[in-house]
Amino acid sequence: MITVTVFLRKNCPDCDQVLSDLEALNTLTPHRVVEIDVDNDPVLHAAYQKLAVPVVQVGPYSLRPPFTRQDLQVALTAASQRSQQLQTTGDEGYRERMLRGQIITRADRFSYWLSQHYMVLFNLAVLLYVGLPFLAPIFERAGAPGAANVVYTMYKPLCHQLAYRSFFLFGEQAYYPRALAGIEGVKTYGEVSGLPEDTTDQATLAARAYHGDEHVGYKIALCERDIALWGSIFLFGMIFSLTGKRLPSIPWYIWILFGLLPIGLDGGSQLLGLFPFLPAAWVRESTPLLRVITGALFGTLTAWYLYPLVEENMRDMRAVLARKFAASSKEGE
């Protein structure tokens with residue numbers, strides 16, 4: 001016997017009419033009706049908030065208003081014939097799917113929980129990722145360089161950690177750029193460290209290894225751009241969660257034009273300095289402000305593009321599982 005799921009609301013004349021039509025059609029096409037009040041479940045309520053009811057789902061067929069009793073009969077007949085054909089041909093996959101649809105597993109419950117709380121996990125993971133690097137200068141200041149080195153080492157594969165492109169804590173300045181950046185009124189990395197500012201392998205390794213001192217301050221284990229990027233992802237994730245995850249995804253071209261292109265141009269143009277045969281006028285060094293702006297733009301727009309798409313898929317998963325849970329509870333009554 002096929003199962004007909006009716007998504008409805010109370011005090012809905014059209015819903016009552018559909019139930020009456022299904023009862024009358026039961027003599028022609030035997031079926032079992034599962035009624036699900038969309039207002040009794042917050043997930044279904046959100047999913048059907050802007051949709052008209054009743055919505056009838058029978059096998060692979062779905063009917064949305066307006067539809068007639070004849071439409072119902074056609075859908076019931078088609079679903080019944082399909083079910084009989086699959087059973088007659090001995091389709092094991094169909095039988096397994098039918099069995100899975102009747103059993104609530106731990107995986108179902110975990111998936112439902114994950115679909116509701118995934119943003120909490122995302123936000124905690126991003127906060128942990130962007131927050132741990134701040135422990136490195138805190139450990140250095142507290143006289144625990146061994147603990148600081150653990151943090152620096154953890155993030156070495158994830159970030160270049162160049163001192164002249166990183167923020168410092170507990171020192172004279174928040175950053176010490178290369179002289180090439182042309183920022184007036186600040187001490188440069190070469191001045192405070194006594195190390196060369198060129199891009200040779202030896203100078204680059206020295207810039208990565210330089211942590212600072214009690215006068216200069218101590219380097220955060222994540223560079224300026226990455227702090228802005230991941231910090232903005234965390235902030236958007238919080239806003240997205242607090243607004244009920246209802247913000248729509250931005251168009252892909254907005255992400256490319258205002259997220260990907262600025263960070264690509266700002267970061268990529270610095271690579272020209274690696275080619276000694278290029279004119280000196282082509283060689284540039286970005287500033288902390290530009291790194292923060294482009295990193296924040298990329299992080300914010302990436303999250304704004306992806307998080308609503310993830311929520312759309314999670315919302316579909318919640319609706320499917322909520323329907324399965326509701327149908328299972330009806331069977332147990």
Side-chain angles (χ1 to χ4, degrees), residues 41-50 109-139 151-152 154-155 157-161 165-170 174-175 219-264 266-267 288-319 321-322:
D41 185 284
V43 174
L44 290 176
H45 177 74
Y48 284 85
Q49 191 171 14
K50 296 181 180 180
R109 298 189 186 281
F110 174 75
S111 297
Y112 188 73
W113 177 87
L114 181 63
S115 71
Q116 291 179 304
H117 301 96
Y118 72 94
M119 278 306 304
V120 175
L121 300 180
F122 282 7
N123 289 336
L124 285 176
V126 175
L127 178 61
L128 184 66
Y129 182 83
V130 76
L132 278 178
F134 285 82
L135 291 179
I138 292 174
F139 285 142
V151 179
Y152 286 123
M154 285 173 54
Y155 280 82
L158 307 173
C159 179
H160 56 66
Q161 293 184 352
R165 295 177 183 174
S166 300
F167 288 119
F168 283 69
L169 296 182
F170 314 120
Y175 50 83
K219 180 178 68 175
I220 299 173
L222 204 60
C223 71
E224 297 158 351
R225 200 187 309 272
D226 281 359
I227 288 175
L229 191 158
W230 290 101
S232 63
I233 288 178
F234 171 73
L235 290 176
F236 181 84
M238 292 297 296
I239 293 171
F240 187 63
S241 298
L242 293 173
T243 54
K245 295 177 285 190
R246 294 178 181 175
L247 294 175
S249 178
I250 59 172
W252 61 269
Y253 55 84
I254 296 295
W255 175 73
I256 290 178
L257 288 176
F258 299 103
L260 185 60
L261 191 59
I263 198 172
D266 186 52
L289 178 60
L290 277 176
R291 293 192 186 100
V292 168
I293 291 174
T294 56
L297 279 173
F298 181 77
T300 300
L301 295 181
T302 297
W304 201 339
Y305 176 65
L306 291 178
Y307 279 177
L309 296 179
V310 174
E311 169 58 17
E312 184 177 334
N313 287 296
M314 290 295 183
R315 189 184 301 123
D316 291 342
M317 181 191 296
R318 290 196 299 268
L321 290 172

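One is the number of the first residue; the rest follow in order along the sequence.
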What are the two closest heavy atoms between [X] and [Y], and how far apart are they?
{"X": "G259", "Y": "F298", "value": "O-CD1, 3.5 Å"}
{"X": "S241", "Y": "M119", "value": "OG-CB, 3.5 Å"}
{"X": "G299", "Y": "I233", "value": "O-CG1, 3.3 Å"}
{"X": "S232", "Y": "A296", "value": "OG-O, 3.4 Å"}
{"X": "W304", "Y": "P248", "value": "NE1-O, 3.1 Å"}
{"X": "C159", "Y": "A221", "value": "CB-O, 4.4 Å"}

With a 4.5 Å cut-off on side-chain heavy atoms, are [Y] and [X] touching?
{"X": "Y155", "Y": "D226", "answer": "no"}
{"X": "P308", "Y": "F240", "answer": "yes"}
{"X": "P133", "Y": "I227", "answer": "no"}
{"X": "T302", "Y": "L229", "answer": "no"}
{"X": "K219", "Y": "Q161", "answer": "yes"}
{"X": "V151", "Y": "F134", "answer": "no"}
{"X": "I220", "Y": "S166", "answer": "no"}

Roughly how far, to the nearest 0.5 Å, is the [atom2] atom of [Y] from the [atom1] atom of [X]?
{"X": "L321", "Y": "Q116", "atom1": "CG", "atom2": "CD", "result": "9.5 Å"}
{"X": "E311", "Y": "D316", "atom1": "CD", "atom2": "CG", "result": "9.5 Å"}
{"X": "L260", "Y": "T294", "atom1": "CG", "atom2": "OG1", "result": "11.0 Å"}
{"X": "L222", "Y": "L158", "atom1": "CG", "atom2": "CG", "result": "8.0 Å"}

Checklist outcome for this item: For L297, the side chain to side chain contact (heavy atoms under 4.5 Å, CB included) test, sequence neighbours excluded, returns I293

Next on the checklist: Tell me every residue that passes side chain to side chain contact (heavy atoms under 4.5 Å, CB included) with I254, counting only those two or more places apart in sequence or in another chain.
Outcome noted: I250, P251, F258

Using ring-ring contact (aromatic ring centres under 6.0 Å, His included) as the criterion, list what pairs up with [X], not counting sequence neighbours.
{"X": "Y152", "result": "H211"}
{"X": "F122", "result": "Y118, Y307"}
{"X": "H160", "result": "none"}

Item to check | Ring centers of Y305, F236 separated by less than 6.0 Å | outcome: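 No, ring centres 6.0 Å or more apart.
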
Next on the checklist: Quick check against the 3.5 Å criterion: does R318 have a side-chain atom that pairs as donor or acceptor with the backbone of S115?
Outcome noted: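 Yes; at least one donor-acceptor contact below 3.5 Å.
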
Checklist entry - Can you check whether L127's main-chain N or O pairs, donor with acceptor, with W230's side chain at less than 3.5 Å? => result no

Item to check | Any residue meeting salt bridge (charged side-chain N to carboxylate O under 4.0 Å, His left out) with R291, in chain and number order, not counting sequence neighbours | outcome: E224, E285

